[in-house]
Amino acid sequence: MRLSWITENSSPATVKYGTSPGVYDNSANGTTSSYHYVLYKSGEIHDVVVGPLKPNTVYYYRCGPDSAQERSFKTPPAQLPIKFAIVGDLGQTGWTNSTLQHVAKSNYDMLLLPGDLSYADLDQPLWDSFGRMVEPLASQRPWMVTQGNHEIEKLPIIHSTKFTSYNARWRMPFEESGSNSNLYYSFDAAGVHVVMLGSYTDFDQNSDQYKWLEADLNKVDRGKTPWIVVLIHAPWYNTNTAHQGEVESEGMRKAMEGLIHRARVDVVFAGHVHAYERFTRVSNGKPDNCGPVHITIGDGGNREGLASRFMNPQPAISVFREASFGHGQLEVVNATHAQWTWHRNDDDKPIASDSIWLRSLTSDPTCKL
């Protein structure tokens, strides 16, 4: 587990941890960095990797040598079942708080976020306030994220480097998956291989990301990880009037959909469009029983509001769509079945606005690789 925190003043990047409150049998040291963005200078960003850790176990820890606050996190299970909370385009609004309150009650093992985190959009202190807002949850469970368009933060001439704040603050385990970029990576969780792709970095067939994805998918052992889940920011399928015709959606789909289909990816989650939409299994724009289910969930609580206009008539490949804030839960029960539920903030937590049971493509004899 990687633990990250920020302090105003210099202090050692040290974490003490153990499996009993107040008893820390282990300690680990890490690195400290900071970044400049125009006139802004970040605090001291500490990164410490702790472990090896036992699966499905609560650990108690303190960040830094002088921390008076004990926190705890729970490691994911090593085997199925596992529950993912999935939410995109979070932002920092009242709707964001409502979404996080719902997520907190869901007893999830890991949170997946397909881009657009803080909506800082150049205003760097908003990255700090976002960190404080999510800390109660992100300090207790793994949060695995990829970037969206609001993370680019590039200013011509003044600040020409993209993703400066995102890469400094949200360091993901990309090296471990053979990636050379924090913008795309993969990891295994219980029986699920999760692939995080970058919609806003090169993705054509000559790109590093394409070559990495091809190699990564070829290495997947479906005996150990029978499920493959992919996260992107800009959806490849979208019947909302918002964000139509964008190269990050259409170009990336044309470049990478063949890889996704040949690997028998089960589900593709996306953000960007501020509404919920679930498609049938689809590939190349048509229903395909061996293609992934595409689900757009870019409605965590952003300040730009909901994308409430959909195309009519509703295309046959679009099964369910609505403009509302909320989050989703993917509970992978075993090697063959998983349940996906979509929860609106307007409803009580147990109420699912949309729900479907999914069968893994590896268990479908007609989709054998």
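Just so you know, residue 1 is the first one in the sequence shown, and it goes up from there.
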Rounded to the nearest 0.5 Å, the CG atom of Leu112 sits from the CE atom of Met110 at a distance of 7.0 Å

Residue pair Ser118 / Gln92, side-chain donor-acceptor N/O under 3.5 Å = no

Would one find more than 12 heavy atoms of other residues, nucleotides or ligands at under 6.0 Å from atom CG of Asn289? no

Closest non-hydrogen atoms of Met252 and Gly198, given as atom of the first, atom of the second and distance, are CE-O, 3.6 Å

Would Lys211 and Asp216 satisfy salt bridge (charged side-chain N to carboxylate O under 4.0 Å, His left out), going step by step from the backbone distance to the final call?
-> CA-CA 9 Å; Lys211 295 172 184 175; Asp216 182 77; over 6 Å; no

Indicate whether the side chain of Glu70 and that of Tyr17 have a donor and an acceptor atom separated by less than 3.5 Å.
-> no

Exercise. Does the side chain of His337 come under 3.5 Å of the side chain of Ser360 through a donor N or O and an acceptor N or O?
Worked result: no

- Side-chain donor-acceptor pair under 3.5 Å between Asp288 and His261, yes or no? yes

Between His193 and the options Asp188, Asp221, Val230, the side chain to side chain contact (heavy atoms under 4.5 Å, CB included) test singles out Asp188

I'd like to know whether Thr164 forms a side-chain hydrogen bond (donor to acceptor under 3.5 Å, both in side chains) with His159, so could you lay out the CA-CA distance, the side-chain angles of the two residues, the decisive distance to 0.1 Å, and finally the verdict.
CA-CA 9 Å; Thr164 298; His159 190 96; 2.7 Å; yes

Using a 6.0 Å cut-off, check whether atom NZ of Lys16 has over 12 heavy atoms from anything other than its own residue. no

Rounding to 0.5 Å, atoms CD (Glu277) and CH2 (Trp342) come to a distance of 12.0 Å

OG (Ser179) and CG (Asp208) are apart, to the nearest 0.5 Å, by 8.5 Å

To the nearest 0.5 Å, atom OG of Ser318 lies from atom CZ of Phe310 at 7.5 Å

Closest non-hydrogen atoms of Val273 and Pro235, given as atom of the first, atom of the second and distance, are CG2-CG, 3.8 Å

Original post:
What do you reckon, are the aromatic ring centroids of His327 and His343 less than 6.0 Å apart?
Top reply: yes

Are Leu126 and Leu113 connected in a single hydrophobic cluster, I mean Ile/Leu/Val/Met/Phe/Trp/Tyr linked by side-chain heavy atoms less than 4.5 Å apart? no

Here the pair of heavy atoms bringing Leu100 nearest to Leu137 is O-CD1, 3.6 Å

TODO: For Gln329 and Gln339, test the side chains for any donor-to-acceptor distance below 3.5 angstrom and give the result as yes or no.
DONE: no

CE (Met196) and CD (Gln147) are apart, to the nearest 0.5 Å, by 10.5 Å

>> For a quick check under 3.5 Å, do Tyr119 and Asp89 share a side-chain donor-acceptor pair by atom type?
In response: yes

Minimal heavy-atom distance between Trp227 and Asn334, with the atoms involved, is NE1-O, 2.9 Å

Requested in this report: Determine the interplanar angle of the Phe187 and Tyr185 rings, folded into 0 to 90°, and report it as parallel if under 30°, tilted if 30 to 60°, perpendicular if over 60°.
Outcome: parallel

Next on the checklist: Counting only heavy atoms from other residues, nucleotides and ligands, does the tally under 6.0 Å from CZ of Arg309 exceed 12?
Outcome noted: no

For the hydrophobic clusters of this structure (ILVMFWY residues joined by side-chain heavy atoms under 4.5 Å, transitively), does one cluster hold both Ile232 and Leu217?
-> yes

Practice item. May I have the step-by-step check of side-chain contact (heavy atoms from CB on, under 4.5 Å) for Val192 and Phe84, ending in yes or no? Key: CA-CA 10 Å; Val192 186; Phe84 299 95; 4.0 Å; yes

| task | May I have the step-by-step check of salt bridge (charged side-chain N to carboxylate O under 4.0 Å, His left out) for Asp47 and Arg169, ending in yes or no? | result | CA-CA 9 Å; Asp47 281 302; Arg169 293 171 180 268; over 6 Å; no

Discussion item. Pair Tyr35, Gln124 - check side-chain contact (heavy atoms from CB on, under 4.5 Å), show working.
Written reply: CA-CA 11 Å; Tyr35 71 92; Gln124 294 306 297; 2.8 Å; yes

Practice problem: Count the heavy atoms of every other residue, nucleotide or ligand shown that sit under 6.0 Å from NZ of Lys219, and state whether that count exceeds 12. | Solution: yes

Pair Phe269-Trp340, ring-ring contact (aromatic ring centres under 6.0 Å, His included): steps then yes or no
CA-CA 11 Å; Phe269 291 100; Trp340 165 255; 5.0 Å; yes

Value for CZ (Arg2) from CZ (Arg171), rounded to nearest 0.5 Å, stands at 5.0 Å

Here the pair of heavy atoms bringing Ser165 nearest to Trp127 is CB-NE1, 3.4 Å

Next item on the list: Determine, using the 4.5 Å side-chain heavy-atom cutoff (strictly less than), whether Leu330 and Val333 are members of one ILVMFWY cluster.
Entry: no

For side-chain contact (heavy atoms from CB on, under 4.5 Å), just list the numbers for Thr201 and Tyr184, CA-CA rounded to whole Å, side-chain angles, deciding distance to a tenth of an Å, and then say yes or no. CA-CA 9 Å; Thr201 188; Tyr184 51 88; 4.0 Å; yes

message: I'd like to know if the side chain of Arg222 reaches the main chain of Arg264, judged simply by a donor and an acceptor atom lying under 3.5 Å from each other, with no hydrogens or angles considered.
response: yes

* Starting from the C-alpha separation in whole Å, work towards a yes-or-no answer on side-chain hydrogen bond (donor to acceptor under 3.5 Å, both in side chains) for Tyr40 and Asp128. => CA-CA 12 Å; Tyr40 173 90; Asp128 296 311; 2.7 Å; yes

Heavy-atom nearest pair, Ala323 first then Ala275, reads CA-CB, 4.0 Å

Under a 4.0 Å N-O cut-off, is there an ion pair linking Arg344 with Glu322? yes

Test log, rule side-chain hydrogen bond (donor to acceptor under 3.5 Å, both in side chains), inputs His272 and Asn149: CA-CA 8 Å; His272 200 40; Asn149 54 299; 3.2 Å; yes

Practice problem: Check whether the side chains of Asn9 and Thr7 place a donor and an acceptor atom closer than 3.5 Å, and report yes or no. | Solution: no

| request: Evaluate side-chain hydrogen bond (donor to acceptor under 3.5 Å, both in side chains) for Thr99 paired with Thr96, printing each intermediate quantity in order. | output: CA-CA 5 Å; Thr99 297; Thr96 309; over 6 Å; no

Between Arg321 and Asp354, is the closest basic N to carboxylate O distance under 4.0 Å? no

Sequence neighbours excluded and cut-off under 3.5 Å, please list the side-chain donor-acceptor pairs for residues 293-302, or say none.
residue, atom, partner, partner atom, Å
Asp299, OD2, Tyr276, N, 3.2
Asn302, OD1, His274, ND1, 3.0
Asn302, OD1, Glu304, N, 3.0
Asn302, OD1, Gly305, N, 3.1
Asn302, ND2, His274, ND1, 3.3

task: For this output row, return yes or no: ring centroids of Phe73 and Tyr59 closer than 6.0 angstrom.
output: yes

Checklist entry - Can we say Asp109 and Lys74 salt-bridge, meaning some charged N sits less than 4.0 Å from an Asp/Glu carboxylate O? => result yes

#### Entry: Verify same cluster id: Val103, Val332 (apolar side-chain graph, 4.5 Å)
yes

Original post:
Val247 versus Lys254: any side-chain heavy-atom pair under 4.5 Å?
Top reply: no

- Around Lys286, counting heavy atoms of other residues, nucleotides and ligands shown, do more than 12 lie under 6.0 Å from its NZ? no

Review point. Is Leu117 linked to Tyr200 within one hydrophobic cluster, defined over Ile, Leu, Val, Met, Phe, Trp and Tyr using a side-chain heavy-atom separation of less than 4.5 Å?
Key: yes

* To do: Count the heavy atoms belonging to other residues, nucleotides or ligands that lie under 6.0 Å from CD of Glu176, then report whether that count exceeds 12.
  => yes

